[in-house]
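Presented below is the structure to which this report refers.
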Amino acid sequence: MRIRQVGFSSRLKAHRKILTLETLKFIVEFFKDGNARMAALRSGIPENYATRQGQWLKKHPIVLAAMENELDHREMLGLQNALAKI
């Protein structure tokens, strides 16, 4: 009998309308350089899945809403500090 481990994408799909810690990490990292794969790697997604998950996360409704709101430098620093406290 095989036990299936719930992966990163399964957790995100289950919480499509909830901001999870993984999604918040991706948003912060994605705003640094706009590269979805590198943002996924820096936010803790394994290298094997980083490209696919990065592209999937770019289309996530919460990430899209965050990209629509242009954040200035001060707001990005506040978001990074809040994430560091968590």
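What you see below is based on every heavy atom in this structure, not just the backbone, and it leaves out hydrogens, waters and symmetry mates.
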Exercise for the section: List the steps, then state whether side-chain contact (heavy atoms from CB on, under 4.5 Å) holds for L24 with I62. Expected result: CA-CA 9 Å; L24 181 60; I62 294 176; over 6 Å; no
Applying the 4.5 Å side-chain criterion to the ILVMFWY set and letting contacts propagate, would [X] and [Y] be lumped into a single cluster?
X	Y	answer
I27	L64	yes
W56	V63	yes
L41	L21	no

Exercise for the section: Take atom CZ of F31 as the centre, draw a 6.0 Å sphere, and report whether it contains more than 12 heavy atoms from other residues, nucleotides or ligands. Expected result: yes
Problem - K32/E29 salt bridge by N-O under 4.0 Å criterion - result: yes
Exercise for the section: Would you mind reporting whether R37 and E47 have side-chain heavy atoms less than 4.5 Å apart? Expected result: yes
Practice task
Give the ring-plane orientation class for F30 versus F26, where under 30° counts as parallel, over 60° as perpendicular and anything between as tilted.
Solution key: parallel
Give me the atom names and distance for the closest heavy-atom approach of [X] to [Y].
X	Y	answer
M67	K58	CE-O, 4.0 Å
A40	A50	CB-O, 3.5 Å
M38	D33	CB-OD2, 4.2 Å

Practice task
Working to the nearest 0.5 Å, report the span between CG of L57 and NZ of K59.
Solution key: 11.0 Å
